[in-house]
2 protein chains.
Amino acid sequence: MARSYSHYCPIAHALDLVGERWSLLVVRELKHGPLRYTDLLEQLPGVSTNVLAARLRELERGGIVGRRRMPAPAASAVYELTDLGQGLTPVLTALAHWGARSLGPPPPDAELVRGWLERALRTALGETAPPGSFELHAGDEIASVVDGVIKAGATPDPDVVVRCDATWIFHLLVDGEICSGAEIEGDREALERLAGVAPVRRVEVAATIG
Amino acid sequence: MARSYSHYCPIAHALDLVGERWSLLVVRELKHGPLRYTDLLEQLPGVSTNVLAARLRELERGGIVGRRRMPAPAASAVYELTDLGQGLTPVLTALAHWGARSLGPPPPDAELVRGWLERALRTALGETAPPGSFELHAGDEIASVVDGVIKAGATPDPDVVVRCDATWIFHLLVDGEICSGAEIEGDREALERLAGVAPVRRVEVAATIG
DNA sequence: CTGCATCCGCTTCGATACTG
DNA sequence: CAGTATCGAAGCGGATGCAG
């Protein structure tokens, strides 16, 4: 039986449902579409198999994720967020914005997950992206922002194209700064408007990524 | 040493700082002003002394709470949120809104903390309260909403006065419904406007307060 | 190969007792 | 009042086993 705070309080109740270790990270992974058990295992480095199974069971009991059997010959089950689970988006966004305040730039050895650029743009810009079309290349990731809509991949005829690395993206989105070290082609002023909406004020704390 | 997810991700980083058991509830308590160690102990039923001490140490190391020695003859230390800690407000608000979706009305034996009415109004209404002046009495709690500003206690010459209980407040704020069982004096339509801003869509899930 | 369950060593939690 | 010390129980992380 899962431990409960047994407080009559919506925050404590929310933490009863998603406050255990790994729970919110499972939700984070499922936000971008259904995944199989093994996909979750490899996208959540450090989680052990029994804990992941337990979390999925608890999240299912709580009505946050659903288990569905794939059609046809796939023969494998997938986990996906329910509507209630999708409702956690504001929680994850708030945590991400707050976490970014004390998260430093990516260390050189950071393993970035597939799709990180699109996720970062979506989290940092939300619905506040300025007009214009932007195409960003960082490492082997490509993402675009076209009149506030964020998508993976290139876009036809962008106002500005940037070729950079993850650290440059970090300073753009978290500090609102356009650093040197990137190739910028096109409308630099549009890029400055994009930098201007960075919603995070950084702080210095002792904590770092382990 | 605290356990870390060691993911380069702002959400995982945030959870490294405040994701452990009790951490966010400590922050919730300190949001309304500095508290002493023993105050925290009694406002967080179920937490044990060693765990509270450990959490306060970790939160202090993370730059989320500060320890201050009271002036004069008080001779006792208080804990308070830093600016970074205050920055967790959107996280707590998002969690509270989400938690309210599956939190049922208060059971008769629920022990409500002092100030619950003001907190509930602040969480549910945020900055979206309609114009008008409201005075709410529930049990022995009194709070007012005057042109969107929420405060404890009565207010002079309110448009509407309600005398009710916690369950009635719950349905008002969470379901947006004005139930029977309350004494309503004054402008009932103003009250309906207040109910209209209830931001939570409830769902039915198995989970309940233990 | 996928989707877990089981076992094991370790850490953390919760309750209580105790100290400056 | 403000914690530390101790101890049993539960949870976590890692490795392995095993059925479909």
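The figures here come from the full heavy-atom set of this structure, side chains too, leaving out hydrogens, waters and symmetry mates. Naming: A, B, ... by sequence-line order, numbering from 1 per chain.
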Undergrad: State, without any angle test, whether T123(B) and H97(B) hold a side-chain donor-acceptor pair at a distance under 3.5 Å.
TA: no
Undergrad: Between E29(A) and R119(A), does any side-chain N to carboxylate O distance fall below 4.0 Å?
TA: yes
Undergrad: Whole angstrom is fine here: how far is it from CG in D39(A) over to P in dT2(C)?
TA: 8 Å
Undergrad: Are Y8(B) and W116(A) close enough that their ring centers fall under 6.0 Å?
TA: no
Undergrad: What is the distance, rounded to the nearest whole Å, between atom CD of Q43(B) and atom P of dA2(D)?
TA: 13 Å
Undergrad: Would you kindly give the CD-to-P distance between E42(A) and dG3(C), to the nearest whole Å?
TA: 11 Å
Undergrad: Map R67(A) and A54(B) onto DNA chain C by nearest heavy atom, then report which one ends up closer to the 5' terminus.
TA: R67(A)
Undergrad: Take atom CG of L44(B) and atom P of dA2(D), then tell me their distance rounded to the nearest Å.
TA: 14 Å
Undergrad: Record whether the side chain of N50(A) comes under 3.5 Å of the base of dG14(D) through a donor-acceptor pair of N or O atoms.
TA: yes
Undergrad: Within the 4.0 Å heavy-atom criterion, would you say T49(A) contacts the bases, only the backbone, or no part of the nucleic acid?
TA: base
Undergrad: Would you please say whether a donor-acceptor pair under 3.5 Å links the side chains of N50(B) and S48(B)?
TA: yes
Undergrad: Of the nucleotides dC1(D), dT4(D), dC12(D), which has the atom closest to the S76(B) side chain?
TA: dC1(D)
Undergrad: Hey, is the side chain of W22(B) poking within less than 4.0 Å of OP1 or OP2 on dG14(C), counting only N and O atoms?
TA: yes
Undergrad: Starting the side chain at C-beta, find the nucleotide from dG3(C), dG13(D), dG11(D) nearest to T38(A).
TA: dG3(C)
Undergrad: Select one nucleotide: of dT12(C), dC1(D), dG13(D), the one nearest the side-chain heavy atoms of R55(B).
TA: dT12(C)
Undergrad: Using the side-chain heavy atoms of R57(A), tell me which of these nucleotides is nearest: dA5(C), dG3(D), dG14(C).
TA: dA5(C)
Undergrad: Would you indicate, yes or no, if dC4(C) has its OP1 or OP2 atom less than 4.0 angstrom from a side-chain nitrogen or oxygen of Y79(A)?
TA: yes
Undergrad: Nearest whole Å is fine: how far is dC1(D) P from R69(B) CZ?
TA: 15 Å
Undergrad: Roughly, in whole Å, what's the span from CG in L41(B) to C1' in dG14(C)?
TA: 13 Å
Undergrad: OH of Y37(B) versus P of dT4(D): gap in Å, rounded?
TA: 7 Å
Undergrad: Given atom CZ of R21(B) and atom P of dG11(D), what is their separation to the nearest angstrom?
TA: 10 Å
Undergrad: On the ring face of Y37(A), is R67(A) found with NZ or CZ under 6.0 Å from the centre and within 45° of the axis?
TA: no
